Amino acid sequence: MGAAQLLLPLSLLLGQAQASPALGQLHYLTEEYKPYNFSDEKGAPTGLAVELLQLVWQKTNTPPQPITMLPWARGYYLLTQKPNAVLFSTARTEARSPLFKWACPIGYAEIVLMGLAGRDIKIRKLEDAQGYTIGAVRTDVGEQLLLNNGFDEQKIMSANRLSQALRMLTSGRVDLVSTNRTTMQDLIAAQQLDPAQFTVSWVLSSEQFCYAFSHPVDDALVKEFQHGLTQVLASSDFRQLQAKYFPLP
């Protein structure tokens, strides 16, 4: 190694970017939303999106930051109010896109209307679903897609968490739940319910999951985060994460 190389910062010699100190001053928010983000048996945040975020911190030479677990509605509210918040995993819908700044993707999700198989609900066009009572997590993409499609808000039963919406469905309080197919299936399995009792009645949309930044966050900072994320997504580390949380049958 020559003398000139010895003068280079260690982060460059290791192939890492030098992060702006501001990347370590963001307030990271998430919710219970398996398999992307959830609390482990010790109460610590984990999941594909959490581990992906940790890899981005490593790639950008950012010290590990606290991650706050909150009900989705609270996290979404803070994203609109705090100048330095990052909320994940956030579906980047057409309506939300101009409200925040984005680093994508974490993954992709199918937002569906799920009901009980025994009810045999038939939906042949989206308008047919407007005749049913539908549960959804408050301010979640499942609720917002219904409102954006002109559903009567009086027929949408809001829940603080998806587990509450699932109880509404199994108890007969609602006919359907509007949510991410994978997350709902994961919750059904975690609660040791028979998956055959549930069925997808309609696919509302396919959405990209991202890290959403408060609008006041500097564009250059979001670009720096996106650069780190893009590098991680192209790595073997990310392929291992996918295999861990979405194993092939």
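The structure displayed is predicted, hence computed values, not measured ones.
In this view, Asn160 and Arg138 satisfy the side chain to side chain donor-acceptor pair (under 3.5 Å) rule, not counting sequence neighbours. Scanning for side chain to side chain donor-acceptor pair (under 3.5 Å) contacts around Tyr132 gives an empty result, with sequence neighbours left out. Lys122 meets the side chain to side chain donor-acceptor pair (under 3.5 Å) test with Asp120; sequence neighbours excluded.
Of the possible donor and acceptor atoms, one in the side chain of Thr90 sits under 3.5 Å from a partner among the backbone N and O of Leu87. The backbone N or O of Cys104 lies less than 3.5 Å from a partner atom in the side chain of Gln226, making a donor-acceptor pair. Side-chain atoms of Lys155 come within 3.5 Å of backbone N or O of Gly131 as a donor-acceptor pair.
Listed by first then second residue, pairs satisfying disulfide (SG to SG under 2.5 Å) with a partner in residues 214-249 number zero, not counting sequence neighbours. Residue pairs meeting the side chain to side chain donor-acceptor pair (under 3.5 Å) criterion with at least one partner in residues 176-188, sequence neighbours excluded, are Glu110-Arg181, Asn180-Thr183.
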Show me the side-chain donor-acceptor pairs of residues 192-210 shorter than 3.5 Å, one per line, residues at least two apart or across chains.
residue, atom, partner, partner atom, Å
Asp194, OD1, Ala196, N, 3.0
Ser205, OG, Glu207, OE2, 2.4
Gln208, NE2, Tyr108, OH, 3.3

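Residue Leu176 forms a side-chain contact (heavy atoms from CB on, under 4.5 Å) with just one option from Leu169, Ile123, Leu116, and that option is Ile123.
The shortest non-hydrogen separation linking Gln130 to Gly150 is OE1-O, 4.2 Å.
Taking 4.0 Å as the cut-off between side-chain N and carboxylate O, Glu31 and Arg161 do not count as a salt-bridged pair.
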